[in-house]
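Here is the structure we will look at.
Because the structure is a prediction, the values reported are computed rather than measured. In what follows, every heavy atom counts, from backbone to side chain, and hydrogens, waters and symmetry copies are set aside. Letters go in sequence order (proteins before strands), and every chain restarts at 1.
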There are 2 protein chains.
Amino acid sequence: MSTSPKLKLYEEFAAIARALGNAHRIDILEHLGQGERGVDALAAKVGLSTANTSQHLQLLKRVGLVESRRDGKYILYRLKGDNVLTLLGALFEVGENNLAEVDKVLRGYFHKRDDMEAVSHAELLKRSRDGLVTVLDVRPKDEFEMDHLPGAVNIPLEELESRLSEVNPAQEVIAYCRGPYCVLSFEAVAALRKRGIKARRMEDGLPEWRAAGLPLERS
Amino acid sequence: MSTSPKLKLYEEFAAIARALGNAHRIDILEHLGQGERGVDALAAKVGLSTANTSQHLQLLKRVGLVESRRDGKYILYRLKGDNVLTLLGALFEVGENNLAEVDKVLRGYFHKRDDMEAVSHAELLKRSRDGLVTVLDVRPKDEFEMDHLPGAVNIPLEELESRLSEVNPAQEVIAYCRGPYCVLSFEAVAALRKRGIKARRMEDGLPEWRAAGLPLERS
DNA sequence: GTTACGATCAAGTAATCTATTGAATAATAT
DNA sequence: ATATTATTCAATAGATTACTTGATCGTAAC
């Protein structure tokens, strides 16, 4: 059995899986989910050296998870198609359902995920259109500017404390962030609630919103 | 930043991905998709030593992709929930769409996949109920006996040549197998067509059929 | 041209993964 | 009890992976 064609195929699939087999690369993919990024910018976001980030990106590219284009002296990387997000979603779901460790981290750190009943895209859209809620984008300013939910207000998490007056305390706040496990929105909801402001999280993040074909704004 | 909680979480997800990062383990998962199996039996199917298979299985178990139970002196492993199949499906899809290598193998070996327009579950079910087609299960006898599509005929691929007379040449044959990349059904369709018998493949395999909640038979 | 900057490459080290071997358990059959 | 069969454990060698460092290459600005 000199490597059957099936195994050859599986070897290719396994290579894709291996590419997902590193926490930093998953982090990189989440950031790319926000939109195109250059290597250096990404490196700063994920806290790795440029060279290292470049290598991770090349690996991801080799297995077809991301693609790149040159823009002047920058090389911009982006996710290659929506099925990458689907794959990540499937991976997260298995983890959340099948791995006790994940559950522990979620419950322990993320202040009990279920407590913060997540708001679905549909509900957010409806209540936002009716003017019933404040949609809060807690990502850094540069990410917000590239793309955000329609009508969203941007207060990066670090500034939330100091800019609390900008939030209308009479309305419920729905916070969102990069993805389903982005810490920022969990923290934001917790902080707002401590101030007595009604707050919930959107069920996932901007990339999933975009993948669902829902409208976006750019400023 | 002493490993943020997000990275800790991603590390768990990455561990799951790494578990999928080996062709043999994907093979094992495909076989487990057929149903519960003991270690030795599996080892024989996937062509690995018992010890090695055991280790792979334990790894898969550690990350929540499979679970096990004892039955007498056997320890039976099975997939842990349907989302594992979903994850595999997502992985396959990314590979098929984004990786040129995969496409090459598919076209090269599998006699041009698109040529054999795959039959959907719904179409198979309908045409089978109307008695218009022969549903052919080309997996080994033991797998067939555990579970198979209703009304399916079992002729393992190796026996197809010699048992060709059992196939009604007036009807179209729909062959299926273990999963979307199971070689057997591709081969079977090719062999049948060479004999002038109309034949197509089901779009994927038995595990996906079961996961879709469609009826099964046991003999 | 020269300089600056973003990105990649090449080489090296420590850590991890794969498969093998042979020994150790665990349950059943005699 | 003892033997048998199924599975796991422990130790190991060889391959692969992650990250660092410093050199190199491409493009744009001066």
Side-chain angles (χ1 to χ4, degrees), chain A residues 1-3 7-8 10-29 31-32 36-63 65-78 142, chain B residues 1-3 7-8 10-29 31-32 36-63 65-78 142:
Chain A
M1 206 191 272
S2 63
T3 17
L7 276 187
K8 202 175 288 174
Y10 284 179
E11 183 44 53
E12 302 291 340
F13 294 140
I16 300 176
R18 275 197 300 273
L20 291 177
N22 175 287
H24 290 302
R25 281 196 293 268
I26 296 185
D27 199 17
I28 288 175
L29 290 173
H31 279 278
L32 287 181
E36 275 187 330
R37 288 277 182 287
V39 180
D40 241 24
L42 252 175
K45 292 263 183 204
V46 301
L48 296 175
S49 75
T50 305
N52 195 194
T53 305
S54 172
Q55 280 163 192
H56 282 308
L57 284 166
Q58 283 170 64
L59 172 52
L60 289 169
K61 186 177 177 182
R62 218 174 304 133
V63 301
L65 287 168
V66 309
E67 52 193 354
S68 65
R69 69 186 177 91
R70 175 147 229 147
D71 177 24
K73 56 181 175 175
Y74 295 87
I75 296 209
L76 299 178
Y77 282 86
R78 61 176 175 281
D142 60 314
Chain B
M1 208 191 270
S2 64
T3 16
L7 276 187
K8 203 175 284 175
Y10 283 179
E11 183 42 54
E12 301 292 339
F13 294 140
I16 301 176
R18 277 197 298 274
L20 291 177
N22 175 287
H24 289 303
R25 282 196 292 269
I26 295 183
D27 199 16
I28 288 175
L29 290 174
H31 279 279
L32 286 180
E36 274 188 330
R37 288 278 183 285
V39 181
D40 241 24
L42 251 176
K45 291 265 182 203
V46 300
L48 297 175
S49 75
T50 305
N52 195 194
T53 304
S54 171
Q55 281 164 189
H56 281 307
L57 284 167
Q58 283 171 63
L59 172 52
L60 289 170
K61 187 178 177 181
R62 219 173 304 135
V63 300
L65 287 168
V66 309
E67 52 194 354
S68 65
R69 69 186 178 90
R70 175 148 231 145
D71 178 24
K73 56 181 176 175
Y74 296 88
I75 296 208
L76 299 178
Y77 283 86
R78 62 175 174 282
D142 61 314

Send over the distance from [X] [atom1] to [N] [atom2], rounded to a whole Å.
X: B:D40; N: C:dA27; atom1: CG; atom2: C1'; value: 15 Å
X: A:N52; N: C:dG6; atom1: CG; atom2: C1'; value: 16 Å
X: B:L76; N: D:dT7; atom1: CG; atom2: P; value: 8 Å
X: A:R70; N: D:dC25; atom1: CZ; atom2: C1'; value: 9 Å
X: A:R69; N: D:dG26; atom1: CZ; atom2: C1'; value: 17 Å
X: B:Y74; N: C:dT25; atom1: OH; atom2: C1'; value: 17 Å
X: B:I75; N: D:dC9; atom1: CD1; atom2: P; value: 9 Å
X: A:D71; N: C:dC5; atom1: CG; atom2: P; value: 18 Å

query = Of B:L29, B:I28, B:D27, which is the lone residue that meets side-chain contact (heavy atoms from CB on, under 4.5 Å) with B:H31?
reply =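 Exactly one candidate clears the test, B:D27.
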
Between [X] and [N], does any side-chain N or O lie under 4.0 Å from OP1 or OP2?
X: A:S54; N: C:dA7; result: no
X: A:H56; N: D:dC19; result: yes
X: A:Y77; N: C:dG6; result: no
X: A:S49; N: D:dT20; result: yes

task = For the pair A:R69 (side chain) and A:L76 (backbone), establish whether a donor and an acceptor sit closer than 3.5 Å, ignoring hydrogens and angles.
result =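 Flag not set: sc A:R69 to bb A:L76 has no pair under 3.5 Å.
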
So, do [X] and [Y] sit near enough that their side-chain heavy atoms are less than 4.5 Å apart?
X: B:V66; Y: B:R78; result: no
X: B:V63; Y: B:L20; result: no
X: B:H24; Y: B:V46; result: no
X: B:K45; Y: B:D142; result: yes

inquiry  = Go nucleotide by nucleotide along DNA chain C from the 5' end; which of A:A51 and A:K73 gets its closest nucleotide reached first?
reply    =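 It is A:K73 whose nearest nucleotide is closer to the 5' end.
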
task = Check every strand shown and say whether A:Q58 touches a base, only sugar-phosphate, or nothing at a heavy-atom separation below 4.0 Å.
result =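 A:Q58: backbone/sugar contact only, no base atoms under 4.0 Å.
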
key: Partner residues of A:I75 under the side-chain contact (heavy atoms from CB on, under 4.5 Å) criterion, sequence neighbours left out   =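 Testing A:I75 for side-chain contact (heavy atoms from CB on, under 4.5 Å), a comparison that skips the adjacent residues, returns A:S68, A:R70, A:Y77.
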
task = Answer with yes or no whether B:Q55 presents, from its side chain, a donor or acceptor under 3.5 Å of a partner atom in the base of D:dA10.
result =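 Side chain to base: pair found, below 3.5 Å.
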
request  = Under 4.0 Å from any atom of DNA chain C, heavy atoms only: list the residues of residues 17-27 of chain B that qualify, in numerical order.
outcome  =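 Within this stretch, B:R18, B:N22, B:H24, B:R25 sit under 4.0 Å of the strand.
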
message = If you only use heavy atoms from C-beta on, which nucleotide in D:dT27, C:dT18, D:dT7 is closest to the side chain of B:L59?
response =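 Nearest listed nucleotide: C:dT18.
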
